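All heavy atoms count here, side chains included; hydrogens, waters and symmetry mates do not. Positions are given from 1, in the same order as the sequence printed here. Please read these numbers as outputs of a predicted model, since none were measured by experiment.
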Amino acid sequence: HVLIFLRASTWATTNYIASTGAWSLYNLLQHNLRRESGMNIGLAGLRFGMSWAQVFDAYDETDLVAICDLDGEKRDQAGEQLGVESLYESFEEFVSDEQIDAIALFTPAPLHAEQSIKAIKAGKHVLCAVPAVLQMEEARSLVEAASQSDRIYMMAENWVYEPAVVRAHELYGNGAW
């Protein structure tokens, strides 16, 4: 399953979620991933990803259970601050952690496709920062990996949920132009 753009259910939800940067996660949670025990998230890339840790805290359905970053000091500080005990330097060890249901990738852009594919193949759902890929071959490989899996890949792009963009899409769908 490849989810890139999903439609908002209400204007109020759209305004709140888009403004908090959490809309992509909200949609991921809405697509049959809710369980009584919640969804365990692994976060890779603290430079941009640290701001997303607050998003995961905002949802009862998610638990941040693991962090992966090359910077040991930053990784240890984040683990202490967020109460996360599973800390990884190695991405390969990180994606092998069986307690993780979904991985939120906020690593440098040139790593997105490769890491997304590894995570999907390891049986994880993926929420990945933009851009998803840098080259067309990476796009083909990512779509193939997601299509051959029962995991969900979603690009963490929230601009499409801005009210004006949602309204323009509705108008187009209704034949306004």
Side-chain angles (χ1 to χ4, degrees), residues 1-10 13-14 17-18 20-46 48-49 52-53 55-69 82 84-88 90-161 166 169:
H1 301 52
V2 179
L3 301 179
I4 297 199
F5 302 115
L6 302 172
R7 209 181 128 126
S9 58
T10 66
T13 301
T14 302
I17 299 294
T20 63
W23 186 246
S24 299
L25 175 64
Y26 177 80
N27 274 302
L28 188 63
L29 290 170
Q30 295 303 310
H31 283 81
N32 302 319
L33 298 179
R34 289 187 181 201
R35 304 179 317 203
E36 286 185 29
S37 62
M39 182 169 44
N40 292 334
I41 307 292
L43 178 74
L46 290 170
F48 177 50
W52 280 78
V55 173
F56 300 127
D57 283 343
Y59 290 92
D60 292 336
E61 298 88 357
T62 60
D63 293 308
L64 184 60
V65 298
I67 294 172
C68 181
D69 197 276
L82 300 168
V84 175
E85 294 179 13
S86 297
L87 307 175
Y88 296 93
S90 163
F91 188 79
E92 287 69 23
E93 291 177 21
F94 174 67
V95 296
S96 297
D97 186 331
E98 292 186 13
Q99 71 175 334
I100 300 173
D101 300 314
I103 289 181
L105 281 174
F106 298 103
T107 55
L111 301 174
H112 289 174
E114 176 188 345
Q115 289 179 337
S116 292
I117 291 167
K118 283 182 181 180
I120 290 167
K121 288 183 177 181
K124 314 299 185 201
H125 300 289
V126 175
L127 175 67
C128 183
V130 296
V133 300
L134 298 180
Q135 299 187 22
M136 193 56 115
E137 188 53 41
E138 291 176 328
R140 288 185 191 98
S141 297
L142 179 55
V143 168
E144 181 181 334
S147 298
Q148 293 176 355
S149 165
D150 65 347
R151 303 293 86 185
I152 293 175
Y153 169 86
M154 184 165 186
M155 185 172 63
E157 173 57 74
N158 62 6
W159 177 249
V160 297
Y161 303 108
V166 171
H169 181 56

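- Under the rule for a side chain to side chain contact (heavy atoms under 4.5 Å, CB included), the partners of E114 that lie at least two apart in sequence or sit in another chain are K118.
- N40 places no side-chain N or O within 3.5 Å of a backbone atom of V65 that could act as its donor or acceptor partner.
- For the pair S149 (side chain) and A145 (backbone), a donor-acceptor distance under 3.5 Å is absent.
- Here F91 pairs with F94 under the ring-ring contact (aromatic ring centres under 6.0 Å, His included) rule; sequence neighbours left out.
- The structure places CD of E93 at 11.5 Å from OG of S86, a figure rounded to the nearest 0.5 Å.
- A119 meets the side chain to side chain contact (heavy atoms under 4.5 Å, CB included) test with V95, I103, K124, V126; sequence neighbours excluded.
- To the nearest 0.5 Å, atom CD1 of residue I41 and atom NE2 of residue H125 are 9.0 Å apart.
- Here the closest heavy-atom approach between residue L64 and residue A53 is recorded as CD2-CB, 4.1 Å.
- Remark: side-chain polar atoms of H112 are paired, donor with acceptor, to backbone N or O of A129 under 3.5 angstrom.
- Take E144 and apply the salt bridge (charged side-chain N to carboxylate O under 4.0 Å, His left out) test, not counting sequence neighbours, and it matches no residue.
- Here the closest heavy-atom approach between residue L43 and residue L46 is recorded as CD2-CD2, 4.0 Å.
- The two residues P110 and E138 come nearest to each other via the heavy atoms O-OE2, 4.4 Å.
- Residues forming a side chain to side chain contact (heavy atoms under 4.5 Å, CB included) with L111 (at least two apart in sequence, or on another chain): T107, P108, Q115.
- The side chain to side chain contact (heavy atoms under 4.5 Å, CB included) search around S141 returns I117, E137, not counting sequence neighbours.
- Considering only residues two or more places apart in sequence or on other chains, E85 meets the salt bridge (charged side-chain N to carboxylate O under 4.0 Å, His left out) condition with none of them.
- More than 12 non-hydrogen atoms from other residues, nucleotides or ligands lie less than 6.0 angstrom from CD of Q99.
- Of all heavy-atom pairs between P131 and A109, the closest is CD-CB, 3.7 Å.
- The minimum heavy-atom distance linking A113 with V133 is given by the pair CB-CG1, 3.9 Å.
- The CG atom of D101 lies 9.5 Å from the CG atom of D63; values are rounded to the nearest 0.5 Å.
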Practice item. Go through the steps for L127 and W52 under the test side-chain contact (heavy atoms from CB on, under 4.5 Å), then give the verdict. Key: CA-CA 11 Å; L127 175 67; W52 280 78; 3.9 Å; yes
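- Taking OG of S116 as the start and CE of M155 as the end, the distance is 11.0 Å to the nearest 0.5 Å.
- Residues satisfying the side chain to side chain donor-acceptor pair (under 3.5 Å) criterion with Q135, sequence neighbours excluded, are absent altogether.
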